[in-house]
Amino acid sequence: PWWDNISSDAKGLVNALLVVDPKKRMTAAQVLQHKWIQGHAPNTQLVATLESMKKFNARRKLKKAALGIVAQNRVAKMVEMAQEADRAVSKKK
């Protein structure tokens, strides 16, 4: 589904860039000469891709907020435990 709207030229370029062996991988000059980079890519609307990116970002922001709340609760618990320990030490004096 992710690659359904991607042209075969773009897929070919990505595959060529993902070659592990640097001797077989495209050079920067070759990439710049690739027809997809040269502007011969089809002008297609990527509405589905845009929507997927929006959903991904929304989930990312929600996760960040949730982790922030978890961190805040942990800090509050640590402060509470430190205060209890301080009170216990003060009572022993």
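Throughout, residue positions are numbered sequentially from 1 according to the sequence presented.
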Is there any side-chain hydrogen bond (donor to acceptor under 3.5 Å, both in side chains) pair reaching into residues 61-82, and which pairs are they, with sequence neighbours excluded? none

Applying side-chain contact (heavy atoms from CB on, under 4.5 Å) to V75 and not counting sequence neighbours gives V79

Non-neighbouring partners of V31 that pass side-chain contact (heavy atoms from CB on, under 4.5 Å), sequence neighbours left out: L13, L17, M26, I37

Measure across D9 and K35 and return the closest heavy-atom pair with its distance rounded to 0.1 Å. OD2-CE, 2.7 Å

Which residues pass the side-chain contact (heavy atoms from CB on, under 4.5 Å) test with T27, sequence neighbours left out? A29, Q30

Could you pull out all residues at least two apart from N57 that satisfy side chain to side chain donor-acceptor pair (under 3.5 Å)? R60

Using a 4.5 Å cut-off between side-chain heavy atoms of Ile, Leu, Val, Met, Phe, Trp and Tyr, which other residues end up in the same hydrophobic cluster as M81? none

Tell me the closest heavy-atom pair linking A10 and I6, and the distance in Å. CB-CG2, 3.6 Å

Distance-only, no hydrogens or angles: does the K11 side chain make a donor-acceptor pair with backbone N or O of W3 under 3.5 Å? yes

With K23 via side-chain contact (heavy atoms from CB on, under 4.5 Å) - residues at least two apart: D21

